[in-house]
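Just so you know, these numbers use all the heavy atoms, side chains as well, and skip hydrogens, waters and symmetry mates. Atoms within each ligand, like the ligands themselves, are counted from 1 in listed order.
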Amino acid sequence: MTPEELQARCEEVRKEWAEASTSAHDPAAVEALRVSFLGRKGSVTAVFDALRTLPPEARAGAGKLLNALKGEITSALEGLQAEVEREAVGSRLAAERHDFTLPGKWRPLGRLHPLTQVRREIEDIFMKLGFDVASGPEMETDYYNFEALAIPADHPARDDWDSFYIEEGRLLRTHTSPVQIRVMKSQPPPVRIVCPGRCYRRDNPDATHSPVFHQIELLWVEKGLTMAHLKWILGEFVRAFFGPGYEMRISADFFPFTEPSAQVHIRRQGQARATHHAGGWLEIMGAGMVAPAVLTEVGYNPEEVTGFAFGLGVERMAMLRWGVEDIRLFFQNDVRFLSQF
Ligand code: PHE
């Protein structure tokens, strides 16, 4: 090789570099570039090898030329390396960036059915007052549901409880009052219980009727109980459940198993609006002093103990609390409705 040829070769390599280096955009391509120019078999290395074929007096000048070329390419390569590395870090950061303004993943949480919430709350109120929670079967016998509650077969009051009969003498309980009988028969007085439960009546479903609904029964039997105690318990309950600002009214009613019998109404104070009842009064339960015949039936002595009971509608409580206007909503399991409570 002549010095002129070597010089021309240097120029060629310089051009090759100028061309090849523009297309290296990632660390791997830059490394490939390094190998193909400065590696053991790279084009710069090859020109260095050619140096030996030059006449000795031409080598020093050519060597300078070559070193300059190598220096150029080396520093250009370093610049390129730094650049692609910066870019790689930049794009990794961009890919990993968290946008904290994005809405989070919404995981729906289950919640208690409004009727369960109300039931538990009412149980709590009475447990704090010293009542135990009792329960009884939903399929009852005629005896517990009616007979023992002083409602014999031909009694006109049976019409008030339109029943689902399963077979002769067996029915779905129409109220929670049969649990009164079961509890009193199983223990001597005193008795202080509440019993929540499902009840069934042959009512056509509409905004205020459902063939299945829930009641909470309360029963307190002990020496010396009077109507005044009942009134006190009712006042405590209304205040605890509805809060202040409600007034309560007790008026006469009739149930075969209580004497006297009463119905309890409440109304928001100062609200004389005619909603369901004239004057804004809403019935929340039936109540009364346990009839002597019932006490005798379970083996208690009505001369020794007296008692009172009530049965309140759980759906009615929930409807009043949340302003729900159709009882059927509680049984349709529509999550759009249920998730509001
Ligand atoms: N069991 C009655 C009903 O379902 C309510 C009630 C319970 C009344 C206890 C008086 C005493 O209508």
Side-chain angles (χ1 to χ4, degrees), residues 115 119 122-123 126 131 133-138 140-152 155-164 171-185 191-203 208-222 225-227 229-234 237-238 248-266 282-295 297-298 300 302 305-317 327:
L115 294 180
R119 189 203 77 216
I122 296 175
E123 281 174 9
F126 288 113
F131 288 77
V133 177
S135 66
E138 287 177 30
E140 266 298 3
T141 63
D142 203 90
Y143 173 76
Y144 285 106
N145 196 83
F146 291 127
E147 295 272 337
L149 290 162
I151 320 169
H155 197 289
R158 283 222 183 181
D159 295 348
D160 295 344
W161 292 276
D162 222 345
S163 319
F164 286 111
L171 70 160
L172 296 175
R173 69 179 173 199
T174 60
H175 49 182
T176 42
S177 298
V179 187
Q180 287 187 32
I181 306 297
R182 290 182 176 274
V183 171
M184 287 192 285
K185 281 196 167 221
V191 172
R192 248 174 261 118
I193 52 143
V194 281
C195 41
R198 217 170 273 148
C199 304
Y200 304 83
R201 287 184 201 171
R202 285 179 37 180
D203 284 325
T208 55
H209 294 87
S210 166
V212 53
F213 60 98
H214 298 78
Q215 283 190 337
I216 294 179
E217 190 90 5
L218 173 141
L219 174 68
W220 184 354
V221 181
E222 198 166 335
L225 288 180
T226 69
M227 209 62 185
H229 297 96
L230 169 60
K231 201 180 160 197
W232 171 73
I233 284 280
L234 292 173
F237 167 68
V238 169
M248 178 180 80
R249 184 181 78 179
I250 299 174
S251 50
D253 201 346
F254 172 79
F255 298 102
F257 38 92
T258 46
E259 180 56 43
S261 301
Q263 53 182 274
V264 181
H265 291 82
I266 61 155
L282 290 161
E283 189 189 342
I284 57 167
M285 65 174 87
M289 301 302 293
V290 180
V294 173
L295 294 174
E297 178 67 31
V298 299
Y300 288 8
V305 290
T306 51
F308 57 79
F310 68 64
L312 64 82
V314 179
E315 285 79 3
R316 178 43 84 77
M317 296 296 121
I327 194 174

Next on the checklist: Before we go on, tell me: are the rings of Phe126 and Phe310 under 6.0 Å apart, centre to centre?
Outcome noted: yes
Checklist entry - So among Phe257, Phe255, Tyr200, which one has a ring-ring contact (aromatic ring centres under 6.0 Å, His included) with His175? => result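 Only match with His175 under ring-ring contact (aromatic ring centres under 6.0 Å, His included): Phe257.
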Does some non-hydrogen atom of [X] fall short of 4.0 Å from ligand 1?
| X | value |
| --- | --- |
| Gln215 | yes |
| Gln263 | no |
| Trp161 | yes |

Checklist entry - Which of the numbered atoms in ligand 1 are below 4.0 angstrom from a heavy atom of His175? => result 1 (N), 2 (C), 4 (O)
Next on the checklist: Within the 4.0 Å heavy-atom shell around Ala309, which atoms of ligand 1 are there?
Outcome noted: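 Contacts of ligand 1 toward Ala309, numbered from 1: 9 (C), 11 (C).
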Next on the checklist: With a 4.5 Å cut-off on side-chain heavy atoms, are Arg316 and Ile327 touching?
Outcome noted: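 The answer is no; the side chains never approach within 4.5 Å.
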Item to check | Sidechain-backbone polar pair: Gln215 side chain, Gly313 backbone, donor-acceptor under 3.5 Å | outcome: no
Checklist entry - What's the shortest distance from atom 7 (C) of ligand 1 to any protein heavy atom, and which residue and atom give it? => result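 Checked against all protein heavy atoms, atom 7 (C) of ligand 1 sits closest to Gly311 N, 3.3 Å.
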Checklist entry - Among all protein non-hydrogen atoms, which one is nearest to atom 9 (C) of ligand 1, and what is the separation to 0.1 Å? => result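 Its nearest protein heavy-atom neighbour is Glu217 OE2, 3.4 Å.
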Checklist entry - What are the two closest heavy atoms between Pro178 and Arg173, and how far apart are they? => result CG-CB, 4.3 Å
Item to check | Polar proximity ligand 1 side, Thr258 side, N/O cut 3.5 Å exclusive | outcome: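 Min N/O separation from ligand 1 is not below 3.5 Å for Thr258.
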Checklist entry - What about Arg201: any of its N or O atoms under 3.5 Å from an N or O on ligand 1? => result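 By distance alone, the answer is yes.
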Item to check | Atom pair NZ/CD of Lys185 and Glu297 - distance to nearest 0.5 Å | outcome: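 Going from the NZ atom of Lys185 to the CD atom of Glu297 covers 5.5 Å.
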Checklist entry - When rounded to the nearest 0.5 angstrom, what is the spacing between OG1 in Thr306 and CE in Met289? => result 5.0 Å
Checklist entry - Using 4.0 Å as the upper bound for N to carboxylate O, is an ion pair formed by Glu315 and Arg119? => result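 No, no charged N to carboxylate O under 4.0 Å.
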Checklist entry - Quick one: does ligand 1 sit under 4.0 Å from the side chain of Phe310, the backbone, both or neither, non-hydrogen atoms only? => result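 The part of Phe310 near ligand 1 is the backbone, not the side chain.
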Next on the checklist: Does only the side chain of Ala287 get under 4.0 Å from ligand 1, or the backbone, or both, or neither? Count heavy atoms.
Outcome noted: backbone
